[in-house]
Amino acid sequence: MLRRRVLMALLGVALAGGGATAADNQDAVAVARQAAGQRIIYSYPGLVPPESLFARIRAGEAAGVIFFGENVSSPTQIRGVVQQLRAAAAQSPNPRPLLLMTDQEGGMVRRLPGEPALSHKDIGSSANPADAATAAGRAAGENLAGVGMNVNLAPVLDVFHAPGDLMDQFERSFSATASVVGDLGARYVTAQQATGVAATVKHFPGLGKANATDNTDIRPVTLTVPLSTLRSVDEAPYQRSIAAGAKLVMLSWATYPALDPARPAGLSATVVQQELRSRNGFTGVTITDALEANALRDYGSAGDRAVLAATAGNDLILASARDVTQGDQAADALATALTNGTLDSDAFGASLTRINTLRTSLT
């Protein structure tokens, strides 16, 4: 009975923040499933979202949707899709806006046609990097806002290490100097968020040292970087963006033995809760990298990974395999773990509060 009361109170957080009267007749499993869904970012294949995704959104069982190149044929087309998703959300019990996101970093990493044309590397090597970073952040925000999206998974704060390494392959580093990355990243964040589009800085605590084959999408990666270097170089740019008000931080799936030799950063409470939140002072929303990444191949199913990520302290789970079923599996596992006590209900409620604060800020 106590467990049920806790879960009903938690649903009050998941909904409008007023209590659980809207769910008086629901059982604990249904309450947990709705709360769990509001921590999942869904994805889908092709140009037309499936009915199963609309159903989840109408039921209030989704935090948002991520869009990829395969979902976009033109600005007009994706604007229409966004309007349909927003219409479904308007029928849900959660009045807050969906989180509608994509990767629009600039240069070679763009899911929408148009700005920002410059890559992070282009910005750093331009005649006036500060102005270029501001212009890119503003342009990214205006582009996303123009089609109805409200979260950009950018900018990247990984510090350049060597020519041809992982981040350099797609020109995703502003500079080899941490203070420059910090300054340009903060300018990008500030300009972008001024357009009403939330910024996501990534990939904490840093992938700058990853070489060309250290791709967490493909395999497990361990970056053996001294703690002093991690903190003085790789993590340093985050402090500027956090101070500038960056609303989200994405965690890396690499393992950093100097912080936690046992688990990838995004599955490590040491990294998420101690290093990012306690040491660097981040109070906003944390989001995983792609749940389907092969860096996690030793950590079970999508559901297993989602529970581990939530246990570590991630607020949002990025189910980006272009498959609604993946998001459902993650949400089902979170709901089960919440119901049976594997996931702490207070921590779960705190995550929902942070997510709800973010969603409300994007109204």
Side-chain angles (χ1 to χ4, degrees), residues 10-15 17 32-43 56 60-66 94 96-101 150-153 189 193 198-205 238 241-242 245-253 263-291 293 296 302-303 305-320 326-327 330-335 337-338 342-362:
L10 186 59
L11 185 64
V13 175
L15 298 176
R33 183 58 179 77
Q34 189 169 69
Q38 292 185 27
R39 295 182 65 173
I40 306 298
I41 301 297
Y42 277 85
S43 62
R56 286 300 183 198
E61 296 178 358
V65 179
I66 182 171
N94 189 325
R96 303 173 183 89
L98 287 173
L99 300 174
L100 300 169
M101 62 185 65
N150 54 16
V151 179
N152 193 10
L153 299 178
V189 164
Q193 293 191 162
T200 308
V201 290
K202 59 186 185 184
H203 309 81
F204 188 88
Y238 287 87
S241 284
I242 290 169
K247 295 189 176 185
L248 299 95
V249 172
M250 176 180 283
L251 278 294
S252 162
W253 283 141
R263 295 201 173 190
L267 301 184
S268 170
T270 299
V271 176
V272 181
Q273 298 184 42
Q274 295 181 28
E275 197 71 8
L276 176 59
R277 291 206 183 278
S278 296
R279 183 177 179 276
N280 284 284
F282 182 63
T283 59
V285 170
T286 48
I287 182 170
T288 71
D289 206 340
L291 196 63
L296 305 184
R305 297 172 184 188
V307 172
L308 289 170
T311 301
N314 286 280
D315 299 320
L316 290 171
I317 308 299
L318 184 60
S320 54
Q326 182 201 30
D332 288 344
L334 291 182
L338 178 60
T342 299
L343 287 174
D344 179 75
S345 59
D346 288 340
F348 206 106
S351 281
L352 286 177
T353 296
R354 287 190 290 269
I355 293 166
N356 286 339
T357 298
L358 171 63
R359 293 174 66 174
T360 300
S361 76
L362 300 174

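As the structure is a computational prediction, the values presented were derived from the model and not from experiment.
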Test log, rule side-chain contact (heavy atoms from CB on, under 4.5 Å), inputs L296 and L267: CA-CA 9 Å; L296 305 184; L267 301 184; 3.9 Å; yes
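Using a 4.5 Å cut-off on side-chain heavy atoms (C-beta onward), T288 and R305 make no contact. The closest side-chain heavy-atom distance from E275 to T270 is not below 4.5 Å. Between Q38 and N356 there is a side-chain heavy-atom pair separated by less than 4.5 Å. L343 is listed as a side-chain neighbour of T311, based on a closest heavy-atom distance under 4.5 Å. Counting only heavy atoms from C-beta outward, the side chains of L316 and L248 approach each other to under 4.5 Å. You'll find the side chain of L291 stays beyond 4.5 Å of the side chain of L318, heavy atoms only. Side-chain contact between L362 and V151 is present, with heavy atoms from C-beta onward closer than 4.5 Å.
Note: L352 CG to R39 CZ = 6.5 Å, rounded to the nearest 0.5 Å.
The shortest non-hydrogen separation linking I66 to S43 is CG2-CB, 3.8 Å. Listed here is the closest heavy atom pair of A331 and Y42: CB-OH, 4.3 Å. Taking each heavy atom of L276 and V272 in turn, the nearest pair found is CB-O, 3.3 Å. Minimum interatomic distance between I317 and A310 (heavy atoms only, all atoms of both residues): CD1-N, 4.3 Å. Residue L153 comes nearest to K202 through the heavy atom pair O-NZ, 2.7 Å, listed as atom of the first residue, atom of the second, then distance. Shortest non-hydrogen contact noted between A319 and I40 is CB-CG2, 4.3 Å.
Panel note: side chain R96, backbone R359; no donor-acceptor pair is recorded below 3.5 Å. Side chain of N150 to main chain of L98: a donor-acceptor pair is present (N/O by atom type, distance under 3.5 Å, no hydrogens or angles). The closest donor-acceptor contact from the side chain of S252 to the backbone of H203 lies at 3.5 Å or more, if one exists at all. Looking at T200, its side chain never comes within 3.5 Å of a backbone N or O of V249 through a donor-acceptor pair. The backbone N or O of L358 sits nowhere less than 3.5 Å from a side-chain atom of K247 that would complete a donor-acceptor pair. N280 contributes no side-chain N or O that, together with a main-chain N or O of F282, makes up a donor-acceptor pair within less than 3.5 Å. Judged by distance alone, with hydrogens and angles left aside, the side-chain atoms of Q193 form a donor-acceptor pair with the main-chain N or O of G245 at under 3.5 Å. Formation of a donor-acceptor pair under 3.5 Å by the N314 side chain with backbone atoms of G266 is found in this model. Remark: side-chain polar atoms of Q273 are paired, donor with acceptor, to backbone N or O of A312 under 3.5 angstrom.
Here the two rings, on Y238 and F204, have centers that are under 6.0 Å apart.
Contacts of S268 classified as side chain to side chain donor-acceptor pair (under 3.5 Å), with partners at least two apart in sequence or in another chain: D260. Under the rule for a side chain to side chain donor-acceptor pair (under 3.5 Å), the partners of D315 that lie at least two apart in sequence or sit in another chain are R277, T286, S351, R354.
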